[in-house]
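Proteins come first, then strands; the chains are lettered A, B, ... in the order of their sequence lines, and each starts at number 1.
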Number of protein chains: 2
Amino acid sequence: MVRYLIEPDPGLALRDVNSPTGSRILREGIHLMDELGLEAFTFKKLAERIGSTEVTVYNYFANKQRLLQYYYQVYWLWLAVHCEQEGRLLKDPYERLCGDIRALCGIWSTDHRAGQFDPQLLRKLVVNEGAKSFLHKNVDSDNELKLFKPYKDLCAHIAAEVKACAPRLRTARSFATTLVEMSHSLEFAMEHLPALTELSAKHDRKQLAAYLIDLTDRFVHER
Amino acid sequence: MVRYLIEPDPGLALRDVNSPTGSRILREGIHLMDELGLEAFTFKKLAERIGSTEVTVYNYFANKQRLLQYYYQVYWLWLAVHCEQEGRLLKDPYERLCGDIRALCGIWSTDHRAGQFDPQLLRKLVVNEGAKSFLHKNVDSDNELKLFKPYKDLCAHIAAEVKACAPRLRTARSFATTLVEMSHSLEFAMEHLPALTELSAKHDRKQLAAYLIDLTDRFVHER
DNA sequence: GGTGCAAATATAGTAATACTATAACGGGAA
DNA sequence: TTCCCGTTATAGTATTACTATATTTGCACC
């Protein structure tokens with residue numbers, strides 16, 4: 001098992017999360033946030049779970065949104081490393097793009113950990129709660145703090161591969177964002193609102209990837 | 001000025017919102033929720049704004065999520081009526097689909113009100129806060145209560161028109177959902193995260209519609 | 001081995017939030 | 001007139017999201 005080195009923005013945490021306590025906060029926090037959802041998740045409950053106190057947790061993260069944004073960054077940083085490594089083996093940009101799409105859909109060839117996190121759990125959290133990282137009134141100030149940089153960087157990477165497949169295309173970035181967003185919101189729909197998609201039946205990520213690859217196929221191939 | 005008759009699920013409100021107080025709650029609520037965002041919005045602040053008390057508001061809606069879901073329903077019901085009316089004038093399914101996409105992007109030919117609401121304000125609220133209608137732990141029970149029916153119905157309507165354009169397509173519903181979702185998340189990106197799209201420059205909804213129509217064009221036309 | 005210093009953790013408290021229980025009012029029907 | 005019901009108000013509670021301040025712990029340096 002390989003472990004990627006992932007370093008989220010140091011401004012997100014108030015203290016070094018590599019300390020024993022910081023590490024437990026991160027490790028248990030992702031499970032608790034996933035179980036309760038962001039609204040019901042509190043630092044008090046997390047403190048109880050790790051046998052510590054509320055204030056201890058507040059000394060590591062200013063609030064629960066920042067903790068979510070930490071996981072959000074880890075996820076996109078991990079995905080970028082994963083895409084980059086897989087892509088190195090492939091010469092054809094279209095093949096690389098298909099690999100990226102499969103990665104967006106959670107189809108991963110390896111069991112590489114994202115730092116101390118299980119990437120499948122990270123993806124589940126991002127699918128269910130990720131949008132709350134930016135869907136709030138502080139989105140502009142958070143954006144100035146570069147908190148969404150890993151997400152944007154991955155979109156830019158995918159846009160570059162779209163562009164490589166279809167150099168004359170003028171909406172590569174919008175299309176890359178479409179792929180990234182839909183890989184998550186269709187997964188949510190498959191799980192909770194199956195009327196929105198044909199892909200629901202088997203909860204099969206391969207179907208999801210196949211749909212997005214088909215979309216890409218039709219979009220990038222010049223006619 | 002025409003006013004469409006829009007009737008959200010009666011289970012959403014606890015009382016008849018056509019009463020003078022109910023009407024003021026709805027009318028001022030949308031402005032306050034838009035100004036503060038769902039997190040900072042409280043029934044106490046709304047009560048102060050309409051010169052009433054917190055409990056009065058609680059007697060109309062069980063909680064602020066239900067109020068948001070009320071607006072969410074009104075928006076999709078309104079859009080469905082709008083699409084249906086515009087579509088009646090057009091014979092060609094592809095033309096109807098393009099009209100629907102423009103409607104999704106907020107390009108509306110008329111100033112038809114959505115009940116007592118300004119549809120542009122409704123759309124702004126749905127773009128910024130709408131996802132919180134379903135992105136929570138109660139999504140499955142809310143779905144059983146049919147709270148997302150208007151949204152699903154519009155997706156189904158658009159899927160039917162996609163199918164009419166490309167009868168052999170087997171992912172019409174997923175593609176309809178893609179159009180609906182991206183018409184909102186790209187608008188959010190244009191406003192707050194412009195790195196994600198080329199469409200930002202002029203904040204121009206026509207560009208947004210043009211991108212989605214181009215996507216549709218490439219997707220539905222058989223090759 | 002003692003001193004200083006900073007990181008880490010704890011105790012205690014506060015303002016606001018998201019409600020609920022219960023009471024009072026007010027206007028129309030029997 | 002009284003009963004009833006829709007409406008609004010008063011008062012309170014448990015929880016949340018923090019902050020101010022105190023105490024402990026580890027370890028670098030003399």
Centroid separation A:Phe117 to A:Tyr71 less than 6.0 Å: yes
Which residues pass the salt bridge (charged side-chain N to carboxylate O under 4.0 Å, His left out) test with B:Arg49, sequence neighbours left out? B:Glu28, B:Glu35
Strictly distance-based, threshold 3.5 Å: is any side-chain N or O of A:Ser19 a donor or acceptor partner for the main-chain N or O of A:Asp16? yes
What is the distance, to the nearest angstrom, from the CD1 atom on A:Ile25 to the P atom on C:dA7? 16 Å
Heavy-atom count check: over 12 atoms from other residues, nucleotides or ligands less than 6.0 Å from A:Lys45 NZ? yes
How about B:His157 and B:Asp100: does a side-chain donor come under 3.5 Å of a side-chain acceptor? yes
Phosphate OP1/OP2 of D:dT8 contacted by B:Thr21 side-chain N/O (<4.0 Å): yes
Residues two or more places apart in sequence or in another chain: which of them pass salt bridge (charged side-chain N to carboxylate O under 4.0 Å, His left out) with B:Asp153? B:Lys149
Rounded to the nearest angstrom, tell me the gap between atom CG in A:Leu14 and atom C1' in C:dA8. 13 Å
Can you tell which of B:Ile107, B:Ile213, B:Thr197, B:Leu199 makes a side chain to side chain contact (heavy atoms under 4.5 Å, CB included) with B:Leu208? B:Leu199
Donor-acceptor pair, side chain of B:Gln73 and main chain of B:Phe148, under 3.5 angstrom: no
Ordered by number, residues from residues 52-66 of chain B within less than 4.0 Å of DNA chain D (heavy atoms) are B:Ser52, B:Thr53, B:Val55, B:Thr56, B:Asn59, B:Tyr60
Please collect all salt bridge (Lys or Arg N to Asp or Glu O under 4.0 Å) contacts where either partner lies in residues 114-131 of chain A, sequence neighbours excluded, each pair once. A:Asp34-A:Lys124, A:Arg123-A:Glu187, A:Glu129-A:Lys132
Between P on D:dC5 and CG on B:Asp16, what's the gap in Å once rounded to a whole number? 17 Å
Can a side-chain donor-acceptor contact be found between A:Arg66 and A:Gln69 if the only test is distance below 3.5 angstrom? yes
Pull out every stem in DNA chain C, meaning runs of 3 or more consecutive Watson-Crick or G-U wobble pairs with both distances under 3.5 Å. C:1-30 with D:1-30
Residues from residues 38-51 of chain A lying under 4.0 Å of DNA chain C - heavy atoms: none
